Amino acid sequence: MRAEARLGAHEQRAPGLQPGVAQVPHAPAPRGAASGRAALDDVRCRATRKGFCLEGFEDEEDAVYASLDGALLKRAREPWRRPPPRGRRREGWAQRSGGFLSGAPGPADAAAFEAETSGRGYATFLPARRRLPAFKMREAIVAAVRSGAVTLVLGATGCGKTTQIPQFVYEDCARRGEAIAVVATQPRRISAASVAERVARERGGALGDTVGFKIRFEDSVTASSKVVFCTVGVLLKTMQSNPLLAGATHVIVDEVHERDVHTDFFLLLVRRLLAKRNDLKVVLMSATVDPSAFLSYFPEAAVVEIPGKTNYPIEEHYLEDILPQLRPRSSPRPRRSPFGDAGALEGVPGDAETIFARLKCARPTAQALADFHALPADFVDVDLVAAVVEHVHASQEDGAILVFVPGWAEIADVVKRLERDRSLAIHALHSRMPSAEQRAIFDAPPPGKRKVVVSTVLAETSITVEDVVHVVDAGKARSTFLNKQSLVSALRTTWYATANGLQRRGRAGRVRPGAWWRLYSSFQHAAMVDYAEPEMVRSPLDELCLEVAALGLGAPEPVLAEAISPPDEAIVRAAVDGLVRLGALDAEDRMSLSPLGRQLARLHVHPVLGKLLLLGELFDCFDVALTVAAGLGSKSPFVCPLGKEPLANAAKARLADGTDSDHVLLERAYAEWRARPGYRDRRSFCDRFFLSHQTLEYVDQLRRDLGSGCRDLLKRDAGGRARPRHAAARLSSALLAALWPNVAAVRKQGKGLALGSGLKVVCHPGSVNRSAADRLVVFYDVQETSDRYLYDTSVVSLAQVLLFAPDVAQSTTNSGRAKLAVAPDLQVLVDAAALDDVLATRDLLQAFVQRSVGRPTDDASARASAALAALFSADVSADFGDDDEEEERPPTKGAYRPPHSRGRGRGDGAW
DNA sequence: GAGCACTGC
């Protein structure tokens with residue numbers, strides 16, 4: 001098959017659809033078509049005695065085939081006709097949350113409280129606690145919390161608000177013998193756990209006594225816990241079964257300034273909750289100086305400001321202060337970004353004269369600044385970064401240097417430029433590099449060397465390098481936005497917000513006075529926004545809308561319009577559309593959960609991955625679907641040490657072993673890892689294949705969590721069985737049914753067209769399908785970076801797509817053939833003789849899936865899914881090394897095969 | 001031919 005030959009303008013095809021018209025060789029894709037889309041040409045479906053044949057051309061050499069074995073098809077249809085399995089769905093959900101928010105809150109045990117506060121452990125930490133700025137505001141905070149419903153506490157990092165305020169509230173109520181149960185949220189797991197541990201220690205107790213924490217996979221809360229730290233996510237999930245937060249007297253929300261989706265949404269719920277619970281006390285804690293956004297959201301809030309900082313003084317330099325100290329350098333000439341200079345700062349003077357007049361600086365400095373101001377926002381001058389690091393190294397006393405750049409490429413460039421200097425101990429810090437696991441970045445550098453850590457935003461909050469004295473700050477951040485046109489998430493480099501700058505500044509001077517070397521001018525600083533755009537207005541909202549529906553709050557559009565920063569209505573609508581398409585929301589009212597939606601809301605993954613799990617059960621490939629869902633729900637376990645890309649790629653290829661599915665590769669990586677008996681074996685396996693042990697541990701836990709969630713939903717042990725026949729065909733069918741319409745027609749070199757959206761897409765260079773040609777692939781993740789990349793893809797067959805596509809529009813061509821529009825860009829011509837068979841099969845399959853998904857499998861559905869898998873097995877390569885070879889029926893037997901098809905399994909040219 | 005960062009009863 002020649003895919004490019006099929007890419008003719010399909011308007012051209014319309015009159016008569018004469019045979020041969022399609023054979024325009026290498027016809028270019030239409031440009032500037034009214035819809036802005038390139039159209040795939042029609043593909044025809046012809047019945048043969050033994051099945052269907054989809055063909056693009058009269059010449060069979062060039063045909064596109066979907067082989068559907070007629071006999072298998074007939075066999076498969078029988079079990080699909082069976083009535084739905086009996087058995088009621090279980091509506092209730094087992095409450096297993098231990099002591100967390102269960103039962104009415106009681107007062108603290110007076111004797112225990114007395115013993116605690118007079119104990120040695122408590123006394124040990126008291127002096128240090130008293131020195132914290134927050135401690136000095138104790139009376140004011142307690143009084144504010146006591147007198148009003150909402151208190152907003154403002155205090156910079158390190159003032160002690162996070163650890164102290166929950167204790168103040170607790171002690172105040174305990175002394176008075178009042179009921180007390182404090183829930184304190186954190187945006188990150190690690191902070192919830194470590195803060196709880198710290199506070200428990202300050203109180204002289206163990207975790208789970210007075211103080212506990214609850215994060216996903218970990219729970220130290222007991223019946224005696226009065227102060228519980230948890231992630232916001234945990235609390236949101238809790239509210240699905242306990243919408244009034246019964247059992248909590250105080251809710252403390254920390255880091256509200258970070259404006260992450262969970263916290264913003266929780267604040268929305270809190271505001272609604274306050275109308276229903278006048279006994280609930282809410283404390284919001286923020287590191288921002290400007291509380292206006294929160295004050296207009298909670299007009300009743302009392303504000304308490306905690307003054308003072310604990311950091312050492314920090315020298316602050318702008319670019320205009322630094323440039324005169326550097327050797328004169330020529331201005332770089334970056335290529336212009338294809339997206340335009342989206343993040344350009346406004347009001348920054350571009351001419352040297354104005355700069356000279358305003359700054360009274362040297363002429364060459366003014367000119368250099370003017371040149372610098374003209375650079376696009378997404379360009380980072382890595383030569384300048386390296387030059388400043390060298391300058392600091394040469395001119396300043398000892399002390400580690402922390403360098404902030406936006407991403408991988410800049411880290412690599414800066415490291416490369418600095419490497420020549422033997423007196424530097426250089427470390428790269430990026431979430432996809434294994435270095436986060438290397439202790440060396442936290443250790444003192446070798447004698448005579450200065451430590452330099454070149455990092456992304458990772459070192460801004462998540463990872464703390466204690467001994468940093470100098471921060472060299474490029475002032476840029478890479479973050480995701482939603483492309484409003486394509487509704488695809490996009491990764492872009494922009495100038496950061498001044499709030500980020502303060503956070504980076506704070507990373508210096510933790511151990512002694514430090515310095516902040518900013519690689520932007522005071523003009524640029526003045527033009528920066530104060531705060532980054534809240535995450536809610538730049539994220540896909542599918543999961544959030546499902547959450548709204550699960551909480552029974554009504555239509556997501558008006559509910560989310562109540563948020564502090566309401567998201568664009570088009571984005572909410574797209575999310576609701578997706579949930580309706582998935583079958584999670586009622587198609588009519590677009591707000592109430594369907595039975596399937598109720599199940600998906602209870603699984604702790606993206607609803608699409610939840611459906612993948614349930615379909616995995618239905619298609620009898622639950623174990624692999626579980627791994628794939630857990631893998632796609634975590635970050636990728638594949639890591640790459642800086643500069644070892646070829647080695648890492650080779651290792652990945654060895655593991656991939658020719659599979660045409662990244663999902664199978666993911667499953668294989670996990671399965672191989674898990675098959676190693678012990679920690680050391682698993683570690684060495686990870687080292688060999690450039691995998692992150694830590695991420696695989698997370699996948700493992702997530703997998704267990706999802707597995708037990710499914711077990712509860714299906715009332716039986718899902719999975720745990722031997723790998724079934726045709727596992728790859730089963731998995732790809734489940735993927736296709738769950739991920740639709742995320743299917744792309746890949747023409748060549750991994751480039752193609754997404755059927756759902758008509759957008760041009762490319763398989764990511766890290767994908768096994770990076771150079772795929774003439775294939776249909778199903779995908780979960782898509783992101784616009786330097787191109788619109790599909791991150792993980794699996795090849796599916798045209799036959800699968802023909803049967804699984806949920807809506808086909810049927811029309812008749814002038815020549816009397818039926819035309820099925822599987823998607824706007826994929827039309828299939830079907831001969832009249834085959835049409836009824838195709839449509840009947842589709843209907844039966846859809847009915848079968850619809851009535852069976854989310855139910856435990858029984859004999860009938862097992863037979864049905866086995867038949868389905870057998871039907872597609874000829875088109876899908878056997879990727880799992882399963883027992884296809886011993887099949888009593890060769891997979892291709894009876895199937896119509898194109899004459900040029902080679903070998904078993906997927907024939908060349910078979911979609 | 002490429003990888004901001006988080007998170008879930």
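Just so it is clear, the structure is predicted and the values come from calculations on it, not from any experiment. Below, chains carry the letters A, B, ... as their sequence lines are ordered, and counting in each starts from 1.
- Taking 4.0 angstrom as the limit, A:T480 places none of its side-chain polar atoms (N or O) nearer than this to OP1 or OP2 of B:dC4.
- Rounded to an integer number of Å, the gap from A:R432 CZ to B:dA2 C1' is 9 Å.
- Residue A:H262 contributes atom NE2, which lies 9 Å from atom C1' of B:dC6 at whole-angstrom precision.
- Both A:R216 and A:L429 lie near DNA chain B, and the one whose nearest nucleotide falls closer to the 5' end is A:L429.
- Within the nucleic acid shown, A:G766 has no heavy atom closer than 4.0 Å to any nucleic acid atom.
- When the ring-ring contact (aromatic ring centres under 6.0 Å, His included) test is applied to A:F638, no partner is found at least two apart in sequence or on another chain.
- Judged as a side chain to side chain contact (heavy atoms under 4.5 Å, CB included), and not counting sequence neighbours, the contacts of A:K644 are A:P641, A:L647.
- One can place CG of A:L647 at 17 Å from C1' of B:dG3, the figure rounded to the nearest angstrom.
- The side chain to side chain contact (heavy atoms under 4.5 Å, CB included) with A:V256 is formed by just one residue from the set A:I564, A:D264, A:T263; it is A:T263.
- Straight-line distance from the CG atom of A:N649 to the P atom of B:dA2: 12 Å, rounded to whole Å.
- One interatomic measurement links the two molecules: CG of A:D264 to C1' of B:dT7, which rounds to 14 Å at whole-angstrom precision.
- In this structure, A:R188 atom CZ and B:dG8 atom C1' are separated by 16 Å, rounded to whole Å.
- Between the side chain of A:E645 and the base of B:dG1, no donor-acceptor pair of N or O atoms lies under 3.5 Å.
- Here B:dG3 presents its P atom at 13 Å from CG of A:L790, a figure rounded to the nearest Å.
- A:F217 comes within contact range of no nucleotide atom at all, as no heavy-atom separation falls under 4.0 Å.
- Computed from coordinates, the A:K652 NZ to B:dG3 C1' distance equals 10 Å when rounded to whole Å.
- Here A:E543 lies in heavy-atom contact (under 4.0 Å) with a base.
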